[in-house]
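Note sheet for the following structure.
Throughout, protein chains are lettered first and strands after them, A, B, ... in sequence-line order, and every chain is numbered starting at 1. This is a predicted model, so every value here is computed, not measured.
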Amino acid sequence: MDYRRTYIRDLFAQNPGQEVSAYGWVKTRRDSKGISFVQVNDGSCFQDLQVVVDEGVIDEATLKRITTGACVRFDGTLVESPAAGQAVELKAAGVEVYGEADPATYPLQKKGASFEFLREIAHLRVRGNTFGAVFRVRAEASFAIHKFFNDRGFKNIHPPIITASDAEGAGAMFHVTTVDPFLARPKPVSPEEDFFGKPSFLTVSGQLEAETLALGLTNVYTFGPTFRAENSGTSRHLAEFWMVEPEQAFCSLEGNMNLAEEFLRTVIQHLLDKCSEDLDFFNKRIEPELLSTLDHVVNSNFERMTYTEAVGHLQSSGESFEFPVEWGIDLQSEHERWLTEQKVGRPVILTDYPKDIKAFYMRMNEDGKTVRAMDVLAPRIGEIIGGSQREERLSKLEARIHEMGLPMEAYWWYLDLRRFGSAPHSGFGLGFERFLMYVTGMKNIRDVIPYHRAPGSADF
RNA sequence: UGCCGCUUAGCUCAGUCGGUAGAGCAGCUGACUGUUAAUCAGCGGGUCGUAGGUUCGAGUCCUACAGCGGCAGCCA
């Protein structure tokens, strides 16, 4: 056994008549008088291999061990299939059962399991159609993202997971400590006595570190796990999620938007090319509008409008929103959805938000009221990308840090970037799982990551 | 964290007015010579989320708690 063997995906591309072996897990077995059909899948592709077992080829005791969930190797001949449903099938000559799966207790069956139930058996759900497809698409998307940036000369950088800087002042952070918080002790342990000698946390974003690398490597990106200790239990939030964050020196907000748009189009096109079977399945069984919206994203330019224009559209829409719209508010989910789903019917990039609802590092516009921020909003899921041109002018940045009451001394290294060889630069962040929800049509973010982490939930 | 909903067989669910438990699928046994969500016949399978309360009697009504889900906030 070796990785250089033939996978089920490869068998479908071979000419009939060859002696082959197929390794995988049994989806179902159907018996008729004198013949049995076994569906085998190894995760290499969506389609199952149909194995045909004629009477007498495999002894009855062995055949009975070939049940749903069992791990097997079938040896035999690849033949053209006489029946509809598959072009080729494997005519079995022998079998090796590597691992049985007791049918009375194996929890997966061929129909009727809810995603909530499958989440409880997340270690087994990948053997089903939906989650096999989800994790193939996840892997292919991950590759496509690295390829996109590599093709354009972006360097993949690796900012720390454990950080002492509260990057954006946004989002609750997980403490990292070797002090047992549940141990009763006479007096509190001070941060100086802890492992790092100061309070330290799991990162909520690699952006600030990415900026430092961009001002030297020019074009960089991160792609890794980030952590938020927010107590939010929704279908769009995770405590541990993966984020893609490119950062470009010598790049304006317009260049940033161009990159974001090209990024989404290129990666989605890659998936349409490489994962068509899986995406067809999602389109058929999960989200009927999936392929048409993905095609639309690939083939149309994104709408661009300023926050101020968007507020105008919302106010003159005639819609009755739960939260009234006025200039200066942070747009609510209902507003974002109306803009992208009703107003323009495709992704929208909103720019130039009021400074008071955005982070300190975003570049101030001439009006002194708005900053060079952008959010990419997509139909069905809302905000998928958030980014900005960064404030490269030292005095303006210091003024913002002061204005927002942030500790100036903690940002000494970040301010050094503006002191020594500052450059106009821009970047954005994309939530990888949000992106996967968009391209698979899956409705719950917990179903696009193998093992989700959320408040009160850290199983497996 | 707030509001709402759900929790009954391995899974998906039904359960009327409060009167002691039902279906489909899965499983098991058998039938069928090409099935592909196979089909057909039969069989087994339940502390109705937990703890209290009301009642002669609770799956059903009330309270608390837990788990799950939806929406909202926060955000990616």
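- Rounded to whole Å, the P atom of A9(B) lies 11 Å from the corresponding atom of C13(B).
- Nearest nucleotide to the P103(A) side chain, out of U29(B), G27(B), U35(B): G27(B).
- Counting distance only, with no hydrogens placed and no angle test, the side-chain atoms of E120(A) and the base atoms of G67(B) include no donor-acceptor pair under 3.5 Å.
- Counting atom types as modelled, Q50(A) pairs a side-chain N or O with a base atom of U35(B) as donor and acceptor under 3.5 Å.
- For a distance-only test at 3.5 Å, the side chain of E116(A) fails to qualify as a donor-acceptor partner of the base of U12(B).
- When the C1' atom is used for both C61(B) and U16(B), the distance is 15 Å, rounded to whole Å.
- The side chain of A113(A) sits closest to C11(B) out of C11(B), C75(B), G34(B).
- Proximity of S235(A) to the phosphate of C71(B): a side-chain N or O atom is located under 4.0 Å from OP1 or OP2.
- By the 6.0 Å and 45° rule, R152(A) stacks over the aromatic ring of F148(A).
- Using cut-offs of 30° and 60° for the angle between ring planes, the F432(A) and F223(A) rings count as perpendicular.
- Taking side-chain N and O atoms only, S114(A) has a distance below 4.0 Å to OP1 or OP2 of U12(B).
- The shortest distance between the side-chain N/O atoms of R30(A) and the OP1/OP2 oxygens of C32(B) is not below 4.0 Å.
- Protein atom CD of Q39(A) is 11 Å distant from nucleotide atom C1' of A37(B), rounded to whole Å.
- Base pairing of G69(B) is made with C4(B), judged by Watson-Crick or G-U wobble geometry with both donor-acceptor distances under 3.5 Å.
- Partner assigned to A64(B) is U50(B), using Watson-Crick or G-U wobble distances below 3.5 angstrom.
- Distances shorter than 4.0 Å separate some side-chain N or O of N444(A) from OP1 or OP2 on G70(B).
- For residues 275-286 of chain A, the side chain to side chain donor-acceptor pair (under 3.5 Å) pairs, not counting sequence neighbours, are R136(A)-D278(A).
- Within the 4.0 angstrom heavy-atom criterion, base atoms lie near F37(A).
- One finds a side-chain N or O of S333(A) lying less than 4.0 angstrom from the OP1 or OP2 phosphate oxygen of G73(B).
- Checking G34(B), G73(B), G30(B) against every side-chain atom of T234(A), the shortest atom distance belongs to G73(B).
- Judged by distance alone, with hydrogens and angles left aside, Q109(A) brings a side-chain donor or acceptor within reach of the base of G10(B), the pair sitting under 3.5 Å.
- Residue-level contact check: L430(A) touches neither bases nor backbone, having no heavy atom under 4.0 Å from any strand.
- Look at the P atom in both A14(B) and G5(B): the space between them is 16 Å, to the nearest Å.
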Next item on the list: Under the salt bridge (charged side-chain N to carboxylate O under 4.0 Å, His left out) rule, what do R265(A) and E262(A) come out as? Steps first, then yes or no, please.
Entry: CA-CA 5 Å; R265(A) 265 205 223 100; E262(A) 189 178 338; over 6 Å; no
